[in-house]
Amino acid sequence: MNHTFLPFSKPTIDEATIASVAEVLRSGWITSGPKVAEFEKQLSAYFGGRPVRTFNSGTCTMEIALRIAGIGAGDEVITTPISWVATANVILEVGATPVFADIDPVTRNIDLDKVEAAITPRTRAIIPVYLAGKPLDMDRLYAMAARHKLRVIEDAAQAIGSTWQGRPIGSFGDFVSFSFQANKNITTSEGGCLVLNNEAEAVLAEKYRLQGVSRSGWDGIDVDVLGGKYNMTDIAAAIGLGQFAQLEKITAHRRQLAKHYFAMLGADFTSRTGALLPPQDFVNTNWHLFQLELPARISRPDFMARMKAHHIGIGFHYAPIHLFKLYRDLGFREGMFPIAERVGKQIVSLPMFYSLTEADVERTCAAMTAVLAGQSTI
Ligand SMILES: *Cc1c(COP(=O)(O)O)cnc(C)c1O
């Protein structure tokens, strides 16, 4: 048995990127500067020329989009219970009311029929999440948003490199938020970016990013909105530029690894084990994660412990947000979103990252086959 521990995710930073970070560190300018400007320029070109601003997280990026849209107290925002808790926390952060809509059991993304059913006269926005990098039916999403006059803040944290009808996610739509946190397909260690609709929104984003400071005053600076401290540093942007240059290679490799997982698990995997695989989409999704839903007979902690005994790290994304104490205290209860609750209990993420090899995939599948067949003891 191979005893090297295989984590479920890990960043790959090449030597050229490390050298460019060292260059920033030696330059005497280590906060936001020319590297941030260059990163924003390259991102904007990739997103079809739309305005893009960078931030120090993907979380604040969504919060700022909500502020730019003027969403706050008394407004409802619809989102999915299966995401990182940041997605719902930003709604609370701006004083608005989170409304959850259950997920589709196949894609594990928010179910647009349930979104439509959750719309009220107070609904102002939808925050869809592209779990594992898999987009929604974007045509349906935007047709619904237009019909009900709703803003969309796409939580595309996991979806850089994903596409819809040949166009990158982010190159169309309303607000689109990406994260460059360490485990994402491309990273800045921590960071994020927001794709906006026009220059007026971009100017507001810059204000919210830095204490509300406006630089347009004739006598220097002024402050006219309450902003925070959310700017990206040139150190982070140098990492981002090095990573972004490899986006195509990274996405292609992840798609190849996903294909290999399906090939190694075999067409009879679900009938053999009861575990549910993700949809086989090698066109739109960037395969940020490769996730399975375990059958009810297997407990996730037990599965994770057994895989760990095979030196394989398993992640889970995510526990249902509405069952966290903060949300239960707001009145959310078990039973409200049964599909999210089932998936949230049984979902696991297999190793998936740029330096993962086909041999690593084979090792993971072999261990998993043994564990799911109950032939593996700790
Ligand atoms: C990573 C992630 C976030 C948060 O991004 P940060 O950069 O860590 O703030 C939000 N939503 C989803 C779906 C994520 O995967």
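In each ligand, atom 1 is the first atom listed, and ligand 1 is the first ligand listed.
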Quiz prompt | Arg124 side chain vs Ala69 backbone, donor-acceptor pair below 3.5 Å | solution = yes

Quiz prompt | Where at least one partner belongs to residues 232-250, residue pairs that pass salt bridge (charged side-chain N to carboxylate O under 4.0 Å, His left out), sequence neighbours excluded | solution = none

Quiz item: Of all the atoms in ligand 1, which lie at a distance below 4.0 Å from a heavy atom belonging to Thr87?
Solution: 11 (N)

Quiz prompt | Phe39 ring center near Phe180 ring center (under 6.0 Å) | solution = yes

Quiz prompt | Ion pair check, Arg151 and Glu201, cut-off under 4.0 Å | solution = yes

Quiz item: What do we get for Ala157 next to ligand 1 when only non-hydrogen atoms under 4.0 Å count, side chain, backbone, both or neither?
Solution: side chain

Quiz item: Quick one: which ligand 1 atoms are inside 4.0 Å of a heavy atom on Val129?
Solution: 13 (C)

Quiz item: Could you state the interatomic distance from NZ (Lys345) to CD (Glu293), rounded to the nearest 0.5 Å?
Solution: 10.5 Å

Practice problem: Look at ligand 1 and say whether Tyr318 reaches it with a heavy atom at a distance under 4.0 Å. | Solution: yes

Quiz item: Can the ring centres of Tyr130 and Phe178 be said to be less than 6.0 Å apart?
Solution: no

Quiz item: Mind checking whether His253 and Tyr354 have ring centres under 6.0 Å apart?
Solution: yes

Quiz item: What do you reckon, does Ser83 put a non-hydrogen atom under 4.0 Å from ligand 1?
Solution: yes

Self-check item: Enumerated ligand 1 atoms positioned under 4.0 Å from heavy atoms of Ser57
Solution: 7 (O), 9 (O)

Quiz item: Would you say Ser179 and ligand 1 have an N/O pair spaced under 3.5 Å apart?
Solution: yes

Quiz item: Less than 3.5 Å between some nitrogen or oxygen of Thr59 and one of ligand 1, yes or no?
Solution: yes

Exercise. Look only at interatomic distance and state if Met62 has a nitrogen or oxygen under 3.5 Å from any nitrogen or oxygen of ligand 1.
Key: no

Practice problem: Report yes or no: does Gly191 have a heavy atom closer than 4.0 Å to ligand 1? | Solution: yes

Quiz item: Would you call Arg50 and Glu199 a salt bridge, taking side-chain N to carboxylate O under 4.0 Å as the test?
Solution: no

Self-check item: atom 11 (N) of ligand 1: the protein heavy-atom neighbour that sits closest, reported with distance to 0.1 Å
Solution: Asp155 OD2, 2.8 Å

Quiz item: With atoms numbered from 1 as shown, which atoms in ligand 1 lie under 4.0 angstrom from a non-hydrogen atom of Gln158?
Solution: 13 (C), 15 (O)

Quiz item: Is the distance between the ring centroids of Phe244 and Tyr46 under 6.0 Å?
Solution: yes

Self-check item: atom 2 (C) of ligand 1 - nearest protein heavy atom and its distance
Solution: Lys184 NZ, 2.9 Å

Exercise. Could you list the atoms of ligand 1 found under 4.0 angstrom from a heavy atom of Gln181?
Key: 7 (O), 8 (O)

